[in-house]
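Below is one structure, written out as structure tokens; comments come after it.
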Protein chains: 2
Amino acid sequence: MMDAKKVTALLRKKGFKVTPQRLAIYNVLCNTKAHPNAEMIFNKLQPYYPTMSLATIYKTIDILKEINLIQIINVGEDSLRYDAVVKSHSHIRCTVCNKVEDIMDFDFTPAIKDVAQRTSYDLSGQQFYFYGVCPECQAKANRKIG
Amino acid sequence: MMDAKKVTALLRKKGFKVTPQRLAIYNVLCNTKAHPNAEMIFNKLQPYYPTMSLATIYKTIDILKEINLIQIINVGEDSLRYDAVVKSHSHIRCTVCNKVEDIMDFDFTPAIKDVAQRTSYDLSGQQFYFYGVCPECQAKANRKIG
DNA sequence: TTTATATTAGATAATAATTATCCACAAAAA
DNA sequence: TTTTTGTGGATAATTATTATCTAATATAAA
Ligand SMILES: [Mn+2]
Ligand SMILES: [Mn+2]
Ligand SMILES: [Zn+2]
Ligand SMILES: [Zn+2]
């Protein structure tokens, strides 16, 4: 989560040019908790950058990922989602409305150690995804039934 | 993990016809620990069913999933993998050779309870994926360096 | 500020996993 | 058997993502 100045400096340092499109895409990711996919970012920016193409979104995402400004989230949908919070944390997706929310401060450590020991793998990362029905969708369902 | 007779009975009970292709595809999944994707299954069966098409693989997988004979594994590759072990268990993928292995008997219970309580979601499932370098690939790397 | 040059944005086409469609034919029921 | 319903395989469609190409742009040097 960096401000525009720091992002500018980092892009330059890594040999990438700084463009309004790149800053705008990163800015969208910093200002949402919705874990948008490429198309959602595209739609968000459409009013302000009407000529921007999806290819630009994807290319920018590659760069942001490479310089570790974002992480990629694969919750088993047909498209990937992106997150400006790079600290490792797990996610939960509502199987009704498909929103993806954070589960912060979930302690992986014991699990990771256990797995490393039992598999003899040299672990580099992990992803924990949860699925279920969110409280809002539960309430809606209850209203319909009750 | 069912034998052919039980699978036959189950397919019939659920209103699906029993065909050699369907039994063969399920059989492949029962006799491997490689977590194959559609193409790997296709290649495995090619010598014995030279006219079988990928569409048949996909359609059969849909059915096997629907009657809960297999589970679908999404380890963040460009294709999905399939597993005849339907009991919930986590997986680890080697980032060098891309093999996917089981991590059995990993106890999710505390994590699941913790998450259910903190999110108020009505949980229906979860997926834990680990990434790293497998012992074999570690050995290979060491040989090259040492 | 102007200029030089390396990169980029956007248009467009390509890729590749998965899904849909269609029909001769096979499996189960009668 | 005969009938009926569902299926396999061929083929086309879909769709997220990636590749390619070129005019335009960001940036550093002059
Ligand atoms: Mn997140
Ligand atoms: Mn498995
Ligand atoms: Zn919901
Ligand atoms: Zn390996």
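As the structure is a computational prediction, the values presented were derived from the model and not from experiment. All values below were derived from every heavy atom in this structure, side-chain atoms included, with hydrogens, water molecules and symmetry-related copies excluded. Reminder, nothing fancy here: chain letters follow the sequence lines and each chain counts from 1.
- Here the nucleotide nearest the side chain of A:Pro20, chosen from D:dG9, C:dG10, D:dA26, is D:dA26.
- Where B:Asn37 and B:Arg12 each meet DNA chain C at their nearest nucleotide, the meeting point lying more 5' is that of B:Asn37.
- The NZ-P distance, from B:Lys14 to C:dA28, rounds to 18 Å in whole Å.
- The aromatic rings of B:Tyr129 and B:Tyr131 sit tilted relative to each other, their planes meeting at an angle between 30° and 60°.
- If you take CG of A:Leu23 and P of C:dA9, they are 10 Å apart, rounded to a whole angstrom.
- When the nearest nucleotides of DNA chain C are assigned to B:Ala38 and B:Phe16 by heavy-atom distance, the more 5′-ward of the two goes with B:Ala38.
- In this structure, the separation between OG1 on B:Thr119 and CG on A:Asp102 is 12.0 Å, given to the nearest 0.5 Å.
- For the pair B:Glu39 CD and C:dT18 C1', the computed distance is 13 Å after rounding to whole Å.
- Protein atom CG of A:Asn74 is 12 Å distant from nucleotide atom C1' of D:dA16, rounded to whole Å.
- Contact annotation for B:Leu54: no contact, since no heavy-atom pair falls under 4.0 Å across all strands.
- Salt-bridge annotation for A:Lys99 and A:Glu136: present, with a side-chain N of the basic residue lying under 4.0 Å from a carboxylate O of the acidic one.
- The nearest whole Å value for the distance from the CD1 atom in B:Ile57 to the C1' atom in C:dT19 is 15 Å.
- Around atom CD of B:Glu77, more than 12 heavy atoms belonging to other residues, nucleotides or ligands sit under 6.0 Å away.
- With distances taken from any side-chain atom of A:Asp78 to the nucleotides D:dT27, D:dT7, D:dA16, the minimum falls on D:dA16.
- The side chain of B:Lys17 lies closest to C:dA26, out of C:dT8, C:dA26, D:dT17.
- For C:dA9, one of the phosphate oxygens OP1 or OP2 lies less than 4.0 angstrom from a side-chain nitrogen or oxygen of A:Arg22.
- For the OP1/OP2 pair of D:dG8 and a distance below 4.0 Å, the side-chain nitrogens and oxygens of B:Ser53 include no atom meeting the criterion.
- A donor-acceptor contact under 3.5 Å is formed by the side chain of B:Lys59 with the base of D:dG9.
- The CG-C1' distance, from B:Leu80 to C:dA17, rounds to 9 Å in whole Å.
- Computed from coordinates, the B:Phe42 CZ to D:dG8 C1' distance equals 13 Å when rounded to whole Å.
- Counting only heavy atoms from C-beta on, A:Val18 has its side chain closest to D:dT27 among D:dG8, C:dG10, D:dT27.
- Between B:Ser79 and C:dA17 there is no side-chain N or O to OP1 or OP2 distance below 4.0 Å.
- Note on ring orientation: taking the six-membered ring where Trp is involved, the planes of A:His35 and A:His89 are tilted (angle from 30° to 60°).
- The phosphate of C:dT7 has neither OP1 nor OP2 within less than 4.0 Å of any side-chain N or O from A:Thr19.
- Between A:Ile72 atom CD1 and A:Asn37 atom CG the span is 12.5 Å, to the nearest 0.5 Å.
- OP1 or OP2 of C:dT19 has not a single side-chain nitrogen or oxygen of B:Tyr58 nearer than 4.0 Å.
- OP1 or OP2 of D:dG9 has at least one side-chain nitrogen or oxygen of B:Gln21 nearer than 4.0 Å.
- What separates CG of A:Leu11 from C1' of D:dT25 is a distance of 15 Å, to the nearest Å.
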